[in-house]
Amino acid sequence: AGRVAFAGGSTGPEVAVTATSTGAFRLEVDIKGLVITPPHVRPFFTGTVYPAVNVPVTVWIVRETSGANPARDAAEIPGLLADANKILWQNGLTLVQSGTVHYADNDAWLNPSTTTPTDLQNLDALLDCSSGTGGVELYFVRTITDEKGSLRGIKRVKGIAITQDGDATTIAHEVLHACGLEDIYPQIKVGANAVPLSLPDASAPEMLPSDWCGG
């Protein structure tokens with residue numbers, strides 16, 4: 001199929017493909033001894049080759065007003081970005097730290113909240129430490145709370161805040177929110193209202209058939 005090439009031959013139980021150009025592709029399988037007649041079609045799957053894009057990342061770490069006790073060790077950041085890139089690469093994205101780590105010394109920014117308009121203004125003031133960077137802005141804090149409890153990360157228009165408990169998956173999750181992807185929350189209809197339906201276990205194909213690579 002177009003836009004991909006077979007790296008080591010096109011037969012066998014495992015076939016590797018590499019990208020040749022960007023865009024959608026379709027791979028069909030011929031199975032020896034299996035006769036398929038119209039209107040049936042051969043087994044297939046589809047995908048998309050994305051362009052590889054390096055995304056500059058501006059990093060801020062919040063400290064106490066005195067400049068002591070940073071919310072995150074600067075030495076952790078390269079490893080966090082590298083692990084986040086393992087997830088983001090399937091969307092063609094690579095996070096690349098831009099310059100050195102910046103520090104914001106303000107006790108009021110160490111444990112932001114989203115529960116009141118004043119809290120949100122305080123959070124956005126932190127996320128406004130940088131602007132117009134042309135990429136992602138990550139702000140590392142101690143904790144974040146909302147009306148339901150604690151969060152590991154949050155994406156706002158002005159930037160992304162990550163807590164001490166936030167890991168590479170948290171970073172990738174929030175960056176993909178910035179790319180326009182939404183959380184998947186199953187819902188059931190009760191009267192005129194949609195009510196969230198809790199999944200009983202970790203996500204799996206049988207529970208999310210429509211969202212698992214389109215089925």
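Heavy-atom basis, side chains included; hydrogens, waters and symmetry copies ignored. The residues of the chain are indexed from 1 along the displayed sequence.
When atom types are taken as modelled, the side chain of Gln90 and the backbone of Ile87 share a donor-acceptor pair closer than 3.5 angstrom. Between the side chain of Asp73 and the main chain of Glu76, no donor-acceptor pair closer than 3.5 Å is present. Looking only at distances, no side-chain donor or acceptor of Glu174 sits under 3.5 Å from a matching main-chain atom of Ile162. In this structure a side-chain-to-backbone donor-acceptor pair under 3.5 Å is missing from Thr48 to Ala24. Tyr139 places no side-chain N or O within 3.5 Å of a backbone atom of Trp60 that could act as its donor or acceptor partner. Put simply, the side chain of Arg142 never gets that close to the backbone of Asn111: no donor and acceptor are under 3.5 Å apart. Proximity of a side-chain donor or acceptor of Asp128 to a complementary backbone N or O of Asp124 within less than 3.5 Å is not detected. A distance-only check finds a donor-acceptor pair linking the side chain of Thr65 to the backbone of Asp107 [under 3.5 Å]. Side-chain atoms of Ser150 do not come within 3.5 Å of backbone N or O of Thr145 as any donor-acceptor pair.
In this pair, Phe45 and Phe25 present their aromatic rings perpendicular. The plane angle is above 60°, beyond the 30 to 60° band.
With contacts defined as side-chain heavy-atom distances shorter than 4.5 Å, the pair Thr133/Ser98 does not qualify. Contact annotation: the side chain of Ile154 never approaches that of His177 to less than 4.5 Å [non-hydrogen atoms, C-beta and beyond]. Cys179 places a side-chain heavy atom less than 4.5 Å from the side chain of Leu93. Leu138 places a side-chain heavy atom less than 4.5 Å from the side chain of Leu81. The shortest distance between side-chain heavy atoms of Leu110 and Glu64 falls below 4.5 Å. Counting heavy atoms from C-beta on, the side chains of Gln97 and Thr58 never come closer than 4.5 Å.
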- Query: Does the side chain to side chain contact (heavy atoms under 4.5 Å, CB included) test come out yes or no for Thr118 and Leu120, once each step is laid out?
  - Reply: CA-CA 5 Å; Thr118 300; Leu120 284 173; over 6 Å; no
- After noting the C-alpha distance and the side-chain angles of Val4 and Ser21, does the key distance pass the side chain to side chain contact (heavy atoms under 4.5 Å, CB included) rule? CA-CA 7 Å; Val4 295; Ser21 62; over 6 Å; no
- Decide side chain to side chain contact (heavy atoms under 4.5 Å, CB included) for Ile77 and Phe140; before the verdict, give the C-alpha distance in whole Å, the side-chain angles of both, and the deciding distance to 0.1 Å. CA-CA 10 Å; Ile77 306 305; Phe140 290 91; 3.5 Å; yes
- Message: Would Val53 and Thr94 count as a side chain to side chain contact (heavy atoms under 4.5 Å, CB included) here? Give the steps.
- Response: CA-CA 6 Å; Val53 178; Thr94 299; over 6 Å; no
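Under 4.0 Å is where a charged nitrogen must lie from a carboxylate oxygen, and between Glu137 and Lys155 no such pair does. By the 4.0 Å N-to-carboxylate-O rule, Asp105 lies close enough to Arg63 to be salt-bridged with it.
The side chain to side chain contact (heavy atoms under 4.5 Å, CB included) test with Trp109 singles out one residue from Val62, Val141, Leu123, and that residue is Val62.
Applying the 6.0 Å contact sphere to NZ of Lys158 captures no more than 12 heavy atoms from other residues, nucleotides or ligands.
How far NZ of Lys148 is from OG1 of Thr114: 10.5 Å, rounded to the nearest 0.5 Å. To the nearest 0.5 Å, the span separating CG on Asn85 from CG on Asn91 amounts to 12.0 Å. Considering CD of Glu28 and CZ of Arg42, their distance stands at 4.5 Å, rounded to 0.5 Å. For the atom pair CD (Glu147) and CG (Asp119), the distance works out to 11.0 Å, reported to the nearest 0.5 Å. Taking CG from Asp83 and NZ from Lys86, the interatomic distance works out to 4.5 Å, rounded to the nearest 0.5 Å. Atom CG of Asn122 and atom OG of Ser113 lie 9.0 Å apart (nearest 0.5 Å).
Linking Ile, Leu, Val, Met, Phe, Trp and Tyr residues whenever their side-chain heavy atoms come within less than 4.5 Å leaves Leu126 and Ile160 in two separate clusters. A continuous path of Ile, Leu, Val, Met, Phe, Trp and Tyr side chains, each step under 4.5 Å between heavy atoms, connects Val57 with Leu88, placing both in one hydrophobic cluster. Hydrophobic clustering (side-chain heavy atoms under 4.5 Å, transitive across Ile, Leu, Val, Met, Phe, Trp, Tyr) keeps Val96 apart from Val136. In the hydrophobic cluster analysis, where Ile, Leu, Val, Met, Phe, Trp and Tyr join through side-chain heavy atoms closer than 4.5 angstrom, Val55 is grouped together with Val101. A continuous path of hydrophobic side-chain contacts links Ile61 to Leu95 [ILVMFWY only; heavy atoms under 4.5 Å].
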